[in-house]
Number of protein chains: 2
Amino acid sequence: MIQQTRKEEIIKTAAKLFKEKGYSAVTMRDLATAMGMKAASLYNHISSKQEILKIIIISIAEDFTQGIDVIYNSESNNLGKLSQVIELHVKIATNNTYGMASLNNDWMHLEGQLDYYLSLRNKYEATFLNIIKEGIASSEIKAVNPEIIMFTMLSTLRSLFLWIPKKEDLNANDLANSLSRILIQGINK
Amino acid sequence: MIQQTRKEEIIKTAAKLFKEKGYSAVTMRDLATAMGMKAASLYNHISSKQEILKIIIISIAEDFTQGIDVIYNSESNNLGKLSQVIELHVKIATNNTYGMASLNNDWMHLEGQLDYYLSLRNKYEATFLNIIKEGIASSEIKAVNPEIIMFTMLSTLRSLFLWIPKKEDLNANDLANSLSRILIQGINK
DNA sequence: AGATCAGACTAACAAGTGTTAGTTTTGATT
DNA sequence: AATCAAAACTAACACTTGTTAGTCTGATCT
């Protein structure tokens with residue numbers, strides 16, 4: 001199993017197509033054409049369309065859940081942790097623009113792993129919310145409804161995959177810094 | 001043509017299903033079942049699946065484009081205009097949670113009206129960007145990259161439809177106010 | 001009562017769906 | 001040159017898709 005680059009190519013191509021049209025609208029024949037082969041040949045590498053979606057989504061979801069745990073248990077103060085969460089999102093979205101689209105838009109089409117995915121997402125959001133609540137408790141963060149704060153940040157971070165491709169001149173660090181400024185400091189002078 | 005409530009029912013039901021699974025994954029038989037009828041009967045009221053999507057998306061997109069034009073031409077200062085844009089989104093998303101999902105996720109499946117939709121969206125974003133740029137020029141707004149500011153706000157506002165249904169205790173005014181505080185003033189103390 | 005007609009129905013279509021079975025090609029290793 | 005596995009192919013399957021044609025039902029209007 002050294003050279004599984006063909007399978008990875010298929011998954012990468014699939015993710016690209018899924019981003020453009022969504023999982024349901026992409027057929028195995030579409031994917032095959034994009035790969036320069038016939039649909040039946042795909043099955044020498046993958047076991048089903050569903051498996052492709054699973055691989056794309058679950059690996060990213062695990063990255064997020066694991067990433068925020070490390071941040072939560074780090075030594076920073078809570079505003080620092082939020083900045084790290086922003087960096088985490090920017091990093092994953094930059095490295096995996098296509099996969100992020102599936103994670104956001106096609107998770108409901110997971111069949112066998114839907115419950116697992118949802119448990120990862122719930123865990124992630126619970127930890128995120130804890131950071132915000134602890135930041136309010138320690139007077140680092142304004143006492144606004146913490147769920148609305150999380151919603152604002154998470155909506156922005158989850159949409160990154162839509163905007164990053166349009167702004168290739170912007171490097172990941174600059175983007176993360178600008179986002180931290182805006183999301184944490186606000187925009188008014 | 002007084003009583004076209006049946007057609008409206010179909011569109012409303014379709015929007016609900018589109019939100020759950022996306023346009024492509026919803027079949028006319030799914031929609032018919034949800035309406036308590038057979039698929040063929042739908043065609044007594046609508047001409048195609050595509051027409052349903054068009055009606056859902058275009059009407060909302062026009063509301064937004066028209067709404068932001070009124071705001072842009074109003075007398076407020078630019079931070080005030082941004083607050084009004086937030087209110088506009090909260091209002092439309094509250095009244096049309098299902099349709100907003102299609103607008104966000106299924107616009108690329110528009111066939112005849114894709115170009116028109118994109119022109120509306122471009123116009124909307126250009127006006128939004130103008131408000132921010134003018135706010136920076138008049139020193140109301142921090143001199144951060146205006147596109148990143150717009151991206152942050154727009155990502156949050158476009159995701160409202162995902163969160164509003166979960167928080168029915170929150171009324172539209174409170175939500176708009178909290179969002180204005182967070183998006184404009186930031187979250188740090 | 002008879003006519004009208006919106007709106008439901010059944011039946012069927014052509015095209016497209018994911019997937020399997022079996023076969024041939026390819027290209028590296030013996 | 002022979003071998004062999006990886007990976008392509010053709011052909012076909014059972015099922016689902018959006019949609020059309022034609023028919024029946026039941027309420028409303030004259």
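Just so we're on the same page: letters track the sequence lines, and every chain starts at 1. We use all heavy atoms of the structure for the numbers below, so side chains are in, but hydrogens, waters and symmetry mates are not.
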Rounded to the Å, how far apart are [X] [atom1] and [N] [atom2]?
X	N	atom1	atom2	answer
M28(B)	dT17(C)	CE	C1'	18 Å
I46(A)	dA7(D)	CD1	P	13 Å
K7(A)	dA8(D)	NZ	C1'	18 Å
Y43(A)	dA21(C)	OH	C1'	14 Å
K38(A)	dA21(C)	NZ	P	21 Å
Q50(A)	dG18(C)	CD	P	12 Å
H109(B)	dG18(D)	NE2	C1'	15 Å
L31(B)	dT19(D)	CG	C1'	14 Å

| request: Establish, with yes or no, whether the OP1 or OP2 oxygen of dT19(D) is under 4.0 angstrom from a side-chain nitrogen or oxygen of K49(B). | output: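 For dT19(D), neither OP1 nor OP2 has a side-chain N or O of K49(B) closer than 4.0 Å.
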| task | Would you indicate, yes or no, if dA6(C) has its OP1 or OP2 atom less than 4.0 angstrom from a side-chain nitrogen or oxygen of H45(B)? | result |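 No.
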| message | For a quick check of understanding: with a heavy-atom distance under 4.0 Å over all strands, which category does S41(A) fall into, base, sugar-phosphate or nothing? | response |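 Base contact - S41(A) has a heavy atom under 4.0 Å of at least one base atom.
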| request: Locate the shortest heavy-atom distance separating T94(B) from V90(B); write the atom from each residue and the value. | output: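 In terms of heavy atoms, the two residues are closest at OG1-O, 2.5 Å.
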| request: Among the candidates dT17(C), dC9(C), dG18(D), find the nucleotide nearest to the side-chain atoms of M37(B). | output: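 Output: dC9(C).
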| message | Parallel, tilted or perpendicular: which one describes the rings of W107(A) and Y117(A), with boundaries at 30° and 60°? | response |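 Ring orientation of W107(A) relative to Y117(A): parallel.
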| message | Please verify the inter-ring angle class for H89(B) with Y124(B); under 30° counts as parallel, over 60° as perpendicular, anything in between as tilted. | response |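 It falls in the perpendicular class, over 60°.
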| query | Is N44(A) side chain donor-acceptor paired with the dA8(D) base, going by distance under 3.5 Å alone? | reply |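 Result: at least one qualifying N/O pair found.
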| query | With a 3.5 Å cut-off and just heavy-atom distances, do the side chain of R29(A) and the base of dG16(C) make a donor-acceptor pair? | reply |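 Per atom types, no contact qualifies.
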| L160(B) reachable from I148(A) in the ILVMFWY side-chain graph, under 4.5 Å edges |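 In one cluster: yes.
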| task | Please figure out whether D30(B) or A40(B) has its closest DNA chain D nucleotide nearer the 5' end. | result |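 Upstream on the strand: D30(B).
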| Short N-O contact, E87(A) and K81(A), less than 4.0 angstrom |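 No.
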